[in-house]
Each structure stands twice: as C-alpha cells, then as structure tokens.
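Below: the structure, in structure tokens.
Protein chains get the first letters and strands the later ones, always in sequence-line order, with residue 1 at the start of each.
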There are 2 protein chains.
Amino acid sequence: MAANRRPTLADVAREVGVSAKTVSRVLNEDGPSSPQTRERVLAAVAKLGFQPNLMARNIRVGGPDTTVGLVVPDLGNPFFGTVAGGIEDAVRSRGLTLLMGSSAEDPDQERTLIQTFLARRVSMLMVVPSFGADHTHLKASRAAGLPVVFLDRPGVGLSADCVVSSNRTGVHEGVSHLIARGHRRIGFVGDLPAKLYTQRERLAGYRSALAEADLPYDRTLVTGAHDQDGAAAETTALLSLPNPPTAVFAGNNMMALGVIARLTRAGRKDIALVTFDDLPLADVLEPALTVVAQDPAAIGEAAARTALARLDGDRTRARTIMVPTRLVVRGSSEPAPCPAERAPAGS
Amino acid sequence: MAANRRPTLADVAREVGVSAKTVSRVLNEDGPSSPQTRERVLAAVAKLGFQPNLMARNIRVGGPDTTVGLVVPDLGNPFFGTVAGGIEDAVRSRGLTLLMGSSAEDPDQERTLIQTFLARRVSMLMVVPSFGADHTHLKASRAAGLPVVFLDRPGVGLSADCVVSSNRTGVHEGVSHLIARGHRRIGFVGDLPAKLYTQRERLAGYRSALAEADLPYDRTLVTGAHDQDGAAAETTALLSLPNPPTAVFAGNNMMALGVIARLTRAGRKDIALVTFDDLPLADVLEPALTVVAQDPAAIGEAAARTALARLDGDRTRARTIMVPTRLVVRGSSEPAPCPAERAPAGS
DNA sequence: GTGAAAGCGCTAACAG
DNA sequence: CTGTTAGCGCTTTCAC
C-alpha cells in the first residue's frame with residue numbers, strides 16, 4: 001500500500017542466495033550462468049517485481065543514455081509529430097527512446113530544454129530551431145562527440161548536420177506550374193516573420209520561377225501574415241489590387257487555410273491556388289487542393305539515420321540533406337487566367 | 001576533437017581547489033557558499049564546459065526521475081500531439097520533461113515502451129491504451145506509488161485514474177441536434193474495430209439520442225470502416241439503401257474525411273452531416289462542418305494535474321474525469337430532410 | 001560457473 | 001561557510 005522502496009538487484013540476489021553480479025549476468029545475458037541459477041533468478045525477479053534501474057546502469061557504463069533528445073516548436077503541429085514518428089521508427093531498432101519537448105518557438109525555452117537533454121546525456125540531439133535562437137553553446141558537446149542534427153531549419157552558430165525540405169525548388173515547381181497554366185500575376189502569401197528560414201527559401205523559389213519565365217517581380221503581390229485570419233485579410237487585399245493576381249501561392253498550410261476561406265467565401269473559383277504543405281482535407285475540398293507536399297516522416301528518418309551514422313563513428317564534415325517535396329496537382333490550380341470580366345457559371 | 005571524457009563535478013572541484021560537495025552546493029543553491037567561491041566555481045564550470053549528470057544525481061537522491069512517460073498510439077496524430085502539449089504545459093513548472101513514445105496501436109509495443117519508462121523511473125506514467133492491451137502488469141508499480149493515468153480510453157485490468165472526452169453525451173448532443181432539425185433517419189459511420197472504447201461510447205450516445213426522441217434504432221444505418229476510403233464506400237452504401245438516411249453522423253475525423261469526400265463528389269448537399277472531433281479546415285469547407293469538438297489540450301492538462309496531485313500525496317480512490325465536448329454548429333447540419341425529390345437550387 | 005571489491009558521478013549526513 | 005565519509009544501484013575487474 002505505502003510507497004515501499006522498490007526492490008534492487010541486491011534484493012533479488014539475497015532472495016535467491018547468490019551475488020548481485022550473478023543476477024546482473026542473468027539479466028543482461030552477459031557471461032555464463034547455470035540453467036538452475038538462471039531459473040531461480042528469473043523466478044525471484046518475477047516474484048519481487050524487480051525492475052532494473054536504467055539510470056544506475058547507464059551511470060556505471062558511462063556511455064550516453066539510450067535516449068534521443070528532440071526539440072520542436074509545437075507538439076500539436078502534425079508536421080512535427082510526423083517528423084517525430086519518422087525519427088522513432090528509425091531509432092527503435094537501436095533501442096532508443098524519444099525524449100521530446102516543446103520550445104513554443106521561444107529561444108529561451110529551447111535552450112533550457114537543450115540543457116536538460118544534455119544533462120540527461122542523450123545519445124543524440126535533434127532540434128527544430130526557434131526563430132532567433134543561437135546554438136553556439138552546443139559547440140563543446142558536439143566536439144565531445146554528441147551528434148547534433150537540425151531539422152526543418154538550419155541552426156545558427158554551429159556547424160552541424162541539417163535536414164530540410166527542398167523549399168526553394170518545391171515552390172519553384174509549384175509556381176512554374178501556375179505559370180505554365182498561363183498565369184502571369186501570381187500572389188504569394190507567406191508566413192511572418194518573413195525572415196524565417198523556410199519562408200525566405202520559399203520566397204526565393206517564387207522569385208526564381210518568375211525569373212525563369214521572364215516575369216517581373218512585383219512586390220505588391222507578395223504579402224505575409226501571422227495566422228489564418230491575417231492570411232484571409234491579405235487575400236482580400238490582393239484581390240482588391242488595381243491589377244489583381246489571377247493565382248495565389250500560399251507559403252504554408254496555416255496561410256493556406258486563410259486563403260482558402262476567403263476565396264471560398266468570396267466565391268472566387270476563378271482564382272488558381274497552390275499551397276505549400278499538404279492538408280488532410282486537401283482532396284476533399286471543392287476544388288481539391290493542388291499542393292507542394294513535404295515528407296515529414298522522411299525528414300525525421302533522414303535525421304535519425306545521419307545521427308546514427310555519427311554515433312557509429314562517421315566523422316565526415318557536416319552535411320545538409322534536402323528532402324524532396326512533391327507537387328501534387330489536384331483541382332485548385334486548374335483555373336486559367338481570364339482577363340475578361342466573365343463570371344464563371346454557377347455549376 | 002576526439003570524444004574526450006566529459007568533465008565531472010570532481011574535475012571542477014579540482015580546478016577550483018575546493019571539494020566536490022562545495023561545487024554541488026553552488027550548482028544546486030543548496031546550503032550557503034561564499035560569494036568568491038561561488039564566482040570561481042561558476043567560472044570553472046563555464047571554462048570546462050561542465051554539464052551536471054542528471055542521472056547520477058537522481059540515482060543518489062533516490063526519488064523518481066524528473067520525467068513524465070507518455071505512450072500514444074500515433075505521434076503524427078495531432079489529437080495526441082495536442083494532448084502531449086497540454087501535459088507539458090501543466091508539468092513544465094515542476095521541471096518535468098516529457099518522455100514520449102508511440103505504441104503504433106500495438107499492445108506488445110505498448111508494453112515494451114512502458115517497461116522502458118518504468119526502468120527509467122519516470123515520476124508518472126500516462127498511457128493511451130492500445131486496443132487489446134492489458135495493464136495488470138502495472139499493479140505493482142502503481143501500488144509502489146507511481147501515478148498512472150489513462151488517456152482517451154480506460155485501461156484494462158488496473159484501477160487507475162482516467163481522463164476521457166464525454167463521448168457519449170457529446171454524440172448524444174450532436175445527434176439530437178440533427179433530430180431537432182427534423183431528421184428521423186440518421187446514418188452512423190464509426191471507426192473499426194467497433195469495440196474500441198471510444199466508438200462504443202459514441203454509438204451509445206447515438207442510440208440514446210434516438211431513444212430519447214422515440215426514434216427506432218435501425219442497424220442498417222450503422223456502419224464502420226477502417227480508413228477514409230472505407231468510410232467513403234460505407235457512405236455510398238448508406239445512400240443506396242432503399243430507405244436512405246437524410247443525415248449522417250461521422251464517429252471520428254478520419255471517417256469524416258471519407259464521408260465528406262463522398263458527399264461532395266456526389267453533390268449531395270441535401271444530406272446533413274455532423275462529425276465527431278474538429279478539423280482544421282472545418283470552417284473552410286462548403287458548407288462549413290458542424291462538429292462535436294473535443295478538447296485535447298484540456299485532456300492532457302487534466303491528466304497531468306491528476307497525476308501531480310497523486311505525486312503530492314493524494315490517496316483518494318481512482319477517478320474518471322470526463323472532459324466535455326462542445327457542439328459547434330456550422331453549416332453542414334443545416335439541410336432539413338426533404339422527402340420529396342426536389343433538388344435544392346444551385347445558389 | 002560464481003563472488004568480492006572497487007567505482008561510475010553525484011549528494012546525504014555529519015562533522016568541523 | 002566548507003570538507004569528509006559513505007553510499008545510491010548497478011557493472012567492471014579480477015579473483016576463485
């Protein structure tokens with residue numbers, strides 16, 4: 001009933017009448033042990049409900065703990081959840097457990113979390129950097145052999161492995177798709193702050209696609225917002241321009257929600273739309289959404305594999321891995337530009 | 001360059017010329033220390049890049065580790081991610097870190113994960129039970145004082161705290177809403193296996209709403225599927241019935257996707273729809289989706305609070321906490337039944 | 001095949 | 001204010 005002391009190796013040993021080391025041997029299948037001893041030890045373990053103390057073990061063995069430290073900006077975001085799933089799948093066979101925390105996109109919290117992970121001697125550290133965070137403080141740990149991998153965005157002040165989506169080429173492809181359909185004025189609704197790595201890259205992809213087609217870059221067509229409602233408002237603004245776009249590219253899925261909401265409410269089925277990042281409902285919408293899909297599970301997997309390779313002694317220099325995106329053409333990019341003021345039929 | 005041994009307390013002590021205990025005192029702000037010593041210790045810590053070893057500390061202090069073990073069936077599901085976020089927010093102030101793993105809805109993996117957590121001496125254990133899992137094996141740990149909380153679904157074979165959504169009354173409310181709008185034949189598309197706790201409860205809510213309105217329970221109107229495509233197929237089957245439903249209730253959001261897809265493709269805007277669990281795009285759909293929304297963050301928070309209370313000595317008997325759902329009426333439940341074959345106008 | 005002793009990195013308990 | 005000793009639960013090392 002009361003919170004009794006949990007049984008230890010010594011308790012088991014006493015119960016059986018052998019030494020602690022013998023019990024240890026049986027449990028870890030390290031060194032030989034007679035079948036009878038084995039039998040009796042296992043029985044005692046079951047009887048006492050003994051649970052080995054992994055912390056005590058690790059401290060003695062001296063190596064890193066069998067955990068993977070992962071810092072994400074938001075646990076509720078399925079993108080990061082899926083990344084985490086990819087990591088877990090890749091490290092499970094090595095017996096590693098995921099230690100996961102949220103930085104809430106705050107550099108201070110991120111740093112605190114990282115310190116906690118270091119204090120726990122994680123075997124590898126994976127971080128989705130918060131905007132504004134600096135990672136110089138990780139130099140010593142990395143030099144001491146700790147594999148560090150940045151996910152989704154590169155780290156700052158530390159040369160370490162990094163796994164990101166091919167943001168630039170992905171957007172390039174999506175925008176080129178719109179251009180190929182005849183659009184010459186394409187709006188871009190990005191995330192704020194616009195300096196966020198992913199948004200910078202995506203905007204660069206937008207610009208390179210325009211450049212490739214010899215289209216002018218018109219900054220009045222480029223906006224950004226903090227949330228869904230903001231994106232909706234920016235969409236309205238874009239459509240009210242004297243010379244409005246005939247197509248819109250949404251820089252991430254939160255922006256997409258706002259843009260879609262506004263387009264739908266306004267009944268503007270004539271505006272073509274492509275979005276970065278897939279949405280569960282993308283193919284259920286009317287029209288179905290054309291997206292540049294990321295592969296979060298592959299990002300997690302690549303990160304884990306890189307880190308495991310480091311753990312296994314890979315000492316080559318830090319690399320950046322681009323996980324390709326995939327253009328999924330559905331209906332929303334269908335509308336061709338129609339300069340005439342002809343409203344599409346209702347059905 | 002090489003993976004040198006990390007500095008220990010003793011190394012710092014030697015550097016400064018004091019005892020290890022003094023360094024410990026400074027770092028933990030335990031007991032007094034002269035400002036000069038403090039200063040010099042801190043300097044040495046910084047110089048050597050010392051990181052305290054939390055495992056060694058915990059083993060000595062003897063108490064549980066400052067971690068929370070959380071087992072979920074799927075890391076990529078935003079529902080569980082948001083639950084995890086709720087837990088983290090609630091335990092952060094106590095300095096607890098989240099240890100999180102996925103059971104992939106497999107009882108064996110769930111058990112393995114739980115063993116790992118126990119071996120790590122987590123301070124509390126939170127589990128979303130997999131279908132078919134048994135938790136009798138946790139009795140000893142719970143008796144030894146480990147707070148155990150089941151989330152989303154009750155555990156099996158162990159009396160422990162449990163936090164669930166008010167599935168039954170939530171669905172009751174949603175179905176009653178449809179009935180109030182005049183519907184008398186309402187389809188139910190649930191998740192499989194139908195014996196899953198949440199689906200049992202939700203179906204019970206469906207039946208109680210019918211009973212309350214003196215409507216017959218017609219089992220041909222009740223179906224289930226494993227995935228989105230299955231739900232779409234079941235929707236088609238429902239609508240092809242000789243006496244088809246005029247409204248549909250979807251038992252979770254994956255089912256919802258299938259039902260919506262089919263209804264949209266078939267152009268059946270005359271069928272009313274209510275869904276369990278909110279979707280990010282719910283209010284962007286045309287029509288916007290009426291949902292019975294769960295509150296995953298509140299579930300996580302309630303679980304964490306309960307467990308913390310146990311940690312603080314609460315020895316009252318295990319309780320089940322229902323986190324209320326909320327009916328969010330949007331457009332999709334709008335259509336009233338129209339026995340006549342009159343198709344609604346396009347716009 | 002098994003055991004005794006030492007020690008991992010840290011802190012409790014007692015000195016001084 | 002600071003140091004010493006012992007020991008957390010386990011494994012390593014070496015002996016039997």
Starting at the 5' end of DNA chain D and moving along, which residue's nearest nucleotide shows up first, B/Arg38 or A/Leu9? B/Arg38
Interatomic distance where CZ belongs to A/Arg121 and P belongs to C/dG9 [whole Å]: 9 Å
Using a cut-off of strictly less than 4.0 Å, decide whether B/Ser24 has a side-chain nitrogen or oxygen near OP1 or OP2 of C/dC10. no
Restricting to non-hydrogen atoms, name the atom on B/Met126 and the atom on B/Ala307 that form the minimum distance, rounded to 0.1 Å. CE-CB, 4.2 Å
Just the rounded figure in Å: distance from P of C/dC10 to CD of B/Gln51. 11 Å
Whole-Å gap separating P (D/dG3) and CZ (B/Arg14): 14 Å
Residue-phosphate contact under 4.0 Å: B/Thr22 side-chain N/O, D/dG3 OP1/OP2: yes
Check every atom of C/dA4, D/dC8, D/dG9 against the side chain of A/Asn53 and return the nucleotide holding the closest atom. D/dG9
Between CD1 of B/Ile59 and P of C/dC10 the distance, given in whole Å, is 12 Å
Length of the CD-P vector between A/Glu29 and C/dT2, whole Å: 15 Å
With side chains defined as the heavy atoms from C-beta onward, is the minimum distance between B/Asp106 and B/Arg111 less than 4.5 Å? no
Can you tell which of C/dC10, D/dT2, C/dG3 lies closest to the side chain of B/Pro52? C/dC10
Can you tell me the distance, in whole Å, between the CZ atom of B/Arg120 and the P atom of D/dC8? 22 Å
Nucleotide D/dA6, atom C1' - distance to NZ of B/Lys21 in whole Å: 13 Å
Check: A/Ser103/A/Ser130 side-chain N/O donor and acceptor closer than 3.5 Å: yes
Within the pair B/Thr37 and D/dT2, is there a side-chain N or O less than 4.0 Å away from OP1 or OP2? yes
For B/Thr66 and A/Arg120, does a side-chain donor sit closer than 3.5 Å to a side-chain acceptor? yes
Contact class for A/Asn28 (heavy atom, under 4.0 Å): base, sugar-phosphate, or nothing? sugar-phosphate
Are any of B/Thr8's side-chain N or O atoms less than 4.0 Å away from OP1 or OP2 of C/dG9? no
For the residue pair B/Leu9 and B/Ala20, what are the closest heavy atoms and their distance? CD1-O, 3.9 Å
Most 5' of B/Arg25 and B/Ala56 on DNA chain C, judged by nearest nucleotide: B/Ala56
Is any side-chain nitrogen or oxygen of B/Arg57 closer than 4.0 Å to OP1 or OP2 of C/dT11? yes
Over how many whole Å does the gap from B/Met55 atom CE to D/dT11 atom P extend? 13 Å
Taking the minimum atom-to-atom distance to the side chain of A/Pro32, which one of C/dT2, C/dT11, D/dT11 wins? C/dT2
Would you kindly compare B/Ser33 and B/Gly62 by the position of their nearest DNA chain D nucleotide and give the one closer to the 5′ end? B/Ser33
